[in-house]
There are 2 protein chains.
Amino acid sequence: MDAVQDEAAGKRARGLDRAFEILDFLRQKRQALKPNEIAAQIGAPRSSVYELVNLLLQNGILEFTGGEGRVYLGRKLYFLGAAYENHFDFTRECEAALEQLANETRETAQFCMLDGNRYTVVRMREGARPFRISTDVGQSVPIPWTASGRLLVAHLSDQEILNFIPAQDFRLPNGDWLDPQNFIVEVRQAEREGLFTFNSIVDSFTHCFAVPVRGEEGYAAATLCLVTPRDDGIANRDHYLHCLKKAAAGLEHAPARSKRG
Amino acid sequence: MDAVQDEAAGKRARGLDRAFEILDFLRQKRQALKPNEIAAQIGAPRSSVYELVNLLLQNGILEFTGGEGRVYLGRKLYFLGAAYENHFDFTRECEAALEQLANETRETAQFCMLDGNRYTVVRMREGARPFRISTDVGQSVPIPWTASGRLLVAHLSDQEILNFIPAQDFRLPNGDWLDPQNFIVEVRQAEREGLFTFNSIVDSFTHCFAVPVRGEEGYAAATLCLVTPRDDGIANRDHYLHCLKKAAAGLEHAPARSKRG
DNA sequence: CATCTGTGTCCAATATACCGTACATGTGAT
DNA sequence: ATCACATGTACGGTATATTGGACACAGATG
């Protein structure tokens, strides 16, 4: 990632990067793990991981939980995250927008952002459908897999996009290869139209709608999305896009704005 | 602060500790600062702070905001905090408990925890009072200043308590000195009775009620509190304590329990 | 003009953080 | 008993992270 600059083999890693690699890994796994397991799965020296884990435990960044010496993200991270959320106070308005979308469309509505060089669902309202069609909140997903991804990188140049997205993220879950040049074309199209919709490429039965929520810098700081069954999505396309744009307009001042002026 | 183990002068600080010192400092300040200012105010070498800030920026732990090169807590921290909150899923039940307390008492209700070796208000419902009597959410406060503090350290031995709480935290905001031995007596009393109430020692017009929320380890993982005008508090003492205990009982299984079992 | 403060960058010295390796333990399989 | 493996601890060598100080610049102040 960011963290993994793996220039070449045989380099010593910086403690700080290793530490956040551990934290990110635990977040991805969403469960407590033993230091040993962490070391094995992220491919880091065991002694280093033990040392870092102990340091992080002392600072409250990690906590023992789940027994057997397993550790998970700690309370301090919750406090820091709450401070961020309080400063860039998008949560309240975001929930309102999702609520509104849910009422108007009865479909699954999501608020999405970049997490480093991947995509993540920050908040979600499940639709009224009897079956559940959605990614989990907080999971990082390759940018090219998502409709929102086309919008979230649109402020970068072609070359920057290719540098930014890890090469292996162009491989789809079914093993197919997505041509990066094709992706770029879609990015530019999404940029021009201010929206992107497609039949999901990670499953075979949903249609996805995404519109940008522009921050103060003028480009997409986040997206609002709908994930719908294919027939419903295509049948209600105009209505859904109208709802999304209206909801996004209501948010357009919120992200990256301080609560206390 | 917590992180500062300052054994003696003249020691090199570990990057990780320094980094989290920076993060904690920004959280306390609740505003974006320039690296230079951070270095000056936490008493760290400028060159170190610049290097660390740049590293943290690259990882998304810090973000530029506020212009002029100022930095504040970053989006990644929000994601990590959200993962913590999702794992130890106390938020929903916590809000319900505060809601209930607010309805029953019309007073300011708080959910509080330890943040390292200090006390912090995690969530709060303002009371119906025309005036506002409360600490800000997310600020760290010396443990001895608060009613909850008596409960949150009760699982420690006398000596552990004295080691745990920074000596200067026994000095009250008005300059008075709180005798640690006296504090210990109150801790043991609170432990026996399963509650603590007093006229606030940080102002002259409120009365505070605190009851423990016990985690799976059996000791106070958090507290529920009411902050009331003195007359009202004393007049409604029994009623308020009853409400608090009921609300705490409703939470007692929640903290430190995994959502996905 | 000179001077001072606030800001950011660059650099070399050395204290030490990272890591490989060995050791100690427990558990389960053969 | 012997092996294999998972887990945690201990320790020394060396690559390097941390740090003080030099440098550059801009704005304010006198």
Side-chain angles (χ1 to χ4, degrees), chain A residues 1-26 29 31-72 74, chain B residues 1-26 29 31-72 74:
Chain A
M1 96 66 274
D2 354 74
V4 179
Q5 279 296 22
D6 283 296
E7 303 295 348
K11 295 274 294 177
R12 274 170 63 162
R14 201 178 275 246
L16 244 191
D17 291 333
R18 206 69 108 176
F20 284 110
E21 200 181 346
I22 292 172
L23 298 184
D24 253 348
F25 181 69
L26 288 172
K29 284 293 184 182
Q31 58 175 311
L33 293 172
K34 302 180 194 180
N36 217 20
E37 299 172 314
I38 298 174
Q41 297 186 49
I42 69 176
R46 294 196 310 132
S47 47
S48 304
V49 172
Y50 273 100
E51 171 145 20
L52 288 171
V53 164
N54 283 328
L55 281 175
L56 294 170
L57 283 168
Q58 283 177 29
N59 284 7
I61 309 295
L62 290 179
E63 284 175 13
F64 281 117
T65 179
E68 315 255 327
R70 269 180 276 261
V71 297
Y72 193 63
Chain B
M1 346 200 66
D2 9 64
V4 179
Q5 284 290 26
D6 281 296
E7 302 297 347
K11 296 274 292 176
R12 273 171 58 160
R14 202 177 280 241
L16 244 191
D17 291 333
R18 207 65 110 179
F20 284 111
E21 201 181 345
I22 291 171
L23 297 183
D24 252 349
F25 181 69
L26 287 172
K29 284 293 183 181
Q31 58 175 313
L33 292 172
K34 301 180 196 183
N36 217 22
E37 299 173 312
I38 298 174
Q41 297 187 49
I42 69 176
R46 295 193 312 129
S47 46
S48 303
V49 173
Y50 273 101
E51 170 139 21
L52 288 171
V53 165
N54 283 328
L55 282 173
L56 294 171
L57 282 168
Q58 282 177 31
N59 282 13
I61 310 295
L62 289 180
E63 284 176 12
F64 282 117
T65 179
E68 315 255 326
R70 270 180 275 261
V71 298
Y72 192 65

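Every chain is numbered from 1 and lettered A, B, ... according to where its sequence line falls, protein lines coming before strand lines.
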Fill in the blank from the handout: The answer to which of A:Gly69 and A:Arg14 contacts DNA chain D further toward the 5' end, by nearest nucleotide, is A:Gly69
Exercise for the section: Please state how far atom CG in A:Leu16 lies from atom P in C:dT16, giving the value in whole angstrom units. Expected result: 18 Å
Problem - Residue B:Glu37, side-chain heavy atoms: nucleotide from D:dT18, C:dT7, C:dA17 that is nearest - result: C:dT7
Practice task
Would you please confirm or rule out a distance under 4.0 Å between OP1 or OP2 of D:dA17 and any side-chain N or O of B:Arg18?
Solution key: no
Exercise for the section: Starting at atom CG of B:Leu33, determine the distance to atom P of C:dT7, rounded to an integer number of angstrom. Expected result: 10 Å
Fill in the blank from the handout: Smallest heavy-atom separation, B:Leu52 atom then B:Ala19 atom, equals CD1-N, 4.1 Å
Practice task
Return the value, rounded to whole Å, for the distance between atom CD of B:Glu21 and atom P of D:dT19.
Solution key: 10 Å
Practice task
Of all the heavy-atom pairs spanning A:Thr65 and A:Ala32, show the shortest one and how long it is.
Solution key: O-CB, 3.4 Å
Practice task
Using side chain to side chain contact (heavy atoms under 4.5 Å, CB included) as the criterion, list what pairs up with A:Ala44, not counting sequence neighbours.
Solution key: A:Arg18, A:Ile42, A:Val49
Problem - salt bridge (Lys or Arg N to Asp or Glu O under 4.0 Å) involving B:Glu51 - partner list, sequence neighbours excluded - result: A:Arg14
Problem - Atom-pair distance (NZ on A:Lys34; P on C:dG26), nearest Å - result: 15 Å
Practice task
Report which part of the nucleic acid B:Ala40 touches: base, sugar-phosphate, or nothing (heavy-atom distance under 4.0 Å, all strands).
Solution key: nothing
Exercise for the section: Identify, with sequence neighbours excluded, every residue that meets side chain to side chain contact (heavy atoms under 4.5 Å, CB included) alongside B:Tyr50. Expected result: B:Pro35, B:Asn36, B:Arg46
Completion exercise
By side-chain hydrogen bond (donor to acceptor under 3.5 Å, both in side chains), B:Glu37 pairs with (sequence neighbours left out) none
Exercise for the section: Using a cut-off of strictly less than 4.0 Å between a heavy atom of the residue and any atom of DNA chain C, enumerate the qualifying residues of residues 45-55 of chain A by number. Expected result: A:Pro45, A:Arg46, A:Ser47, A:Ser48
Practice task
Could you check which of C:dG8, D:dT19, D:dT7 has an atom nearest any side-chain atom of B:Ala13?
Solution key: D:dT19
Problem - Atom-to-atom span, CD1 of A:Ile22 to P of C:dC18 - whole angstrom - result: 10 Å
Fill in the blank from the handout: note: B:Leu56, atom CG; D:dT18, atom C1'; distance rounded to Å ~ 15 Å
Handout entry: Rounded distance in Å - CD1 (B:Ile42) to C1' (D:dT19)
Key = 14 Å
Practice task
Report yes if a donor N or O on one partner sits less than 3.5 Å from an acceptor N or O on the other, where the partners are the side chain of B:Arg12 and the base of D:dA17; otherwise report no.
Solution key: yes
Handout entry: For A:Gln31, side-chain hydrogen bond (donor to acceptor under 3.5 Å, both in side chains) partners two or more places apart
Key = none
Fill in the blank from the handout: A:Arg70 atom CZ is separated from D:dA6 atom P, nearest whole Å, by 15 Å
